[in-house]
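Take a look at the structure set out below.
Residue numbers start from 1 in every chain, and the chains themselves are labelled A, B, ... in the order their sequence lines are given, proteins ahead of strands.
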2 protein chains.
Amino acid sequence: MARPVNPQRSAARREAIVLAAAELFGVNGFEQTTTAQIAKAAGISPGGVFYYFEDKRAVFRAIFQRDLPMSKALVAAALDRDDPFDAVLHVVDQLAEDVMNPLAAGLLVELVRQAGRDPELTRVVHENTTIITDGLAVLLRRCQAADLIDSSLEPGEAAQWIQSIIDGAYLNADPDRDPRPMLRRIVRGFLLSGNDGDTHV
Amino acid sequence: MARPVNPQRSAARREAIVLAAAELFGVNGFEQTTTAQIAKAAGISPGGVFYYFEDKRAVFRAIFQRDLPMSKALVAAALDRDDPFDAVLHVVDQLAEDVMNPLAAGLLVELVRQAGRDPELTRVVHENTTIITDGLAVLLRRCQAADLIDSSLEPGEAAQWIQSIIDGAYLNADPDRDPRPMLRRIVRGFLLSGNDGDTHV
DNA sequence: GTCTATACAACGATAGAC
DNA sequence: GTCTATCGTTGTATAGAC
């Protein structure tokens with residue numbers, strides 16, 4: 001990639017494109033969003049997107065590359081907490097933070113769809129998921145060591161399921177209802193309940 | 001709609017189109033699938049789809065209209081069971097039956113995406129969801145009456161969350177791993193765990 | 001009634017202007 | 001280095017053939 005003469009302005013334009021694209025992709029979907037729409041929303045001319053990005057899919061990927069640092073910070077902060085069980089629920093809360101934002105829900109669906117098709121994107125998604133899964137798994141192991149949750153759960157697997165539960169919440173999002181209390185409850189029930197079932201009430 | 005001269009053949013063709021389309025939509029997505037591809041897979045000529053369906057979206061809707069009777073049967077059978085708690089877990093099992101089928105997972109994602117865009121389709125989805133939700137809610141009320149699950153759960157809401165959890169499983173499907181044992185476990189934990197202990201943040 | 005050849009529109013991407 | 005006018009391709013849907 002050749003370095004632009006005016007890096008600041010260039011970076012700002014890129015950012016504008018990514019933000020405009022995120023909104024359009026989230027609302028209308030990837031295929032239904034045209035590069036011309038993105039360009040217009042970003043205040044540049046129809047073909048201008050292709051100066052800043054290799055192609056349309058690269059714009060889409062850029063959206064999700066943006067929140068990779070956020071995932072890392074989220075996990076790092078959680079690992080610093082004293083109570084690992086609290087930390088897990090805190091991560092759940094944070095991951096579900098955007099459920100009520102319809103844009104985020106739309107983007108998640110779009111992400112799942114496109115991830116199966118674009119290997120580059122798959123890599124980005126996988127990296128992000130791994131950060132969260134690994135972080136959660138560490139926390140779950142700590143919980144088990146402190147005898148706070150069911151010891152028969154395989155931490156890595158349980159971590160994936162927690163993410164899966166949150167994904168479900170994104171899919172069935174209702175903008176008017178905060179899903180986090182119920183999500184905490186479900187995750188708590190999941191982690192506490194033994195595998196044999198009816199011991200807990 | 002004019003009735004075809006040869007209803008049987010006509011119905012068979014329609015069915016062939018729907019089946020071919022389901023596969024293509026599930027694998028490649030709605031927009032990435034062309035009507036020509038569908039026609040070819042169904043063994044008719046490029047424009048032929050439009051004789052049997054009003055437009056491309058009508059083909060997509062037809063896929064999901066097909067399994068409306070199945071939902072009804074599923075719920076009816078569950079309501080006939082003696083133990084309502086077993087019945088709930090049985091419904092969960094049935095709903096998750098296709099998680100390991102990649103086609104079904106692809107179609108679910110596609111469905112969520114398109115449902116927000118096509119009002120007709122929204123209606124179909126809503127009808128299907130309502131059947132399940134209402135059925136589950138009845139079962140949950142029975143469970144509460146028999147003191148089998150936490151009485152503080154609002155049945156309708158809990159039913160929606162159960163479906164949400166299953167949707168999450170579809171999203172994160174792994175073709176090599178049967179998700180049902182873990183799903184049962186999560187749902188059981190959810191229904192049994194009390195609402196207290198919510199002191200966590 | 002059934003199906004096909006084709007019109008028309010729209011999109012992503014580029015060649016080259018500034 | 002930055003951006004715009006434009007092109008080739010492709011896809012839906014239809015007008016009309018059989």
(request) Would you mind reading off the distance between B:D55 atom CG and D:dA13 atom P, rounded to a whole angstrom? (result) 5 Å

(request) Starting at atom CD1 of A:I17, determine the distance to atom C1' of C:dA13, rounded to an integer number of angstrom. (result) 15 Å

(message) With the threshold set at under 4.0 Å for non-hydrogen atoms, list the residues of residues 32-49 of chain A touching DNA chain C in residue-number order.
(response) A:T33, A:T34, A:T35, A:G47

(request) Provide, to the nearest angstrom, the distance between the CD atom belonging to B:E31 and the P atom belonging to C:dG12. (result) 12 Å

(message) Restricting to side chain to side chain donor-acceptor pair (under 3.5 Å), what partner residues turn up for B:D134, sequence neighbours left out?
(response) none

(message) I want to verify a distance call: between C:dT2, C:dG12, D:dG1, whose nearest atom is closest to the A:Y51 side chain?
(response) D:dG1

(message) Measure CG/A:N28 against P/C:dA10 and give the value in whole Å, please.
(response) 16 Å

(message) Taking ring pair (Phe, Tyr, Trp, His ring centres under 6.0 Å) as the cut-off, I'd like each qualifying pair that reaches into residues 92-129 of chain A, sequence neighbours left out, listed once.
(response) none

(request) Specify the separation, in whole Å, of atom CZ of B:F53 and atom P of D:dT12. (result) 15 Å

(request) Measure the distance from NZ on A:K56 to P on C:dG12 and round it to the nearest whole Å. (result) 4 Å

(message) I need the CZ-C1' distance between B:F25 and D:dG11, as an integer number of Å.
(response) 13 Å

(message) Test: salt bridge (charged side-chain N to carboxylate O under 4.0 Å, His left out). Region: residues 151-171 of chain A. Which pairs qualify, not counting sequence neighbours?
(response) A:E157-B:R177

Would you mind writing out the side-chain donor-acceptor pairs for residues 21-31 of chain A within the sub-3.5 Å range, not counting sequence neighbours?
unit_1 : atom_1 : unit_2 : atom_2 : d
A:E31  : OE1    : A:R113 : NH2    : 2.7
A:E31  : OE2    : A:R113 : NH2    : 3.0
A:E31  : OE2    : B:Q32  : NE2    : 3.2

(message) The side chain of B:Y52 is closest to which nucleotide in this list: C:dC3, D:dA13, D:dG1?
(response) C:dC3

(request) Please determine, for the side chain of A:R13, which listed nucleotide (C:dT2, C:dC3, D:dC3) has the closest atom? (result) D:dC3

(request) Write down the distance between CZ (B:F50) and C1' (D:dA13), rounded to a whole number of angstrom. (result) 5 Å

(request) Return the minimal non-hydrogen interatomic distance between A:A78 and A:V91, and the atom names on each side. (result) CB-CG2, 3.5 Å

(message) Please determine whether a side-chain nitrogen of the Lys or Arg among B:R81 and B:D86 lies less than 4.0 Å from a carboxylate oxygen of the Asp or Glu.
(response) no

(message) Suppose we screen for salt bridge (Lys or Arg N to Asp or Glu O under 4.0 Å). Which residues come up paired with A:D174, at least two apart in sequence or across chains?
(response) none

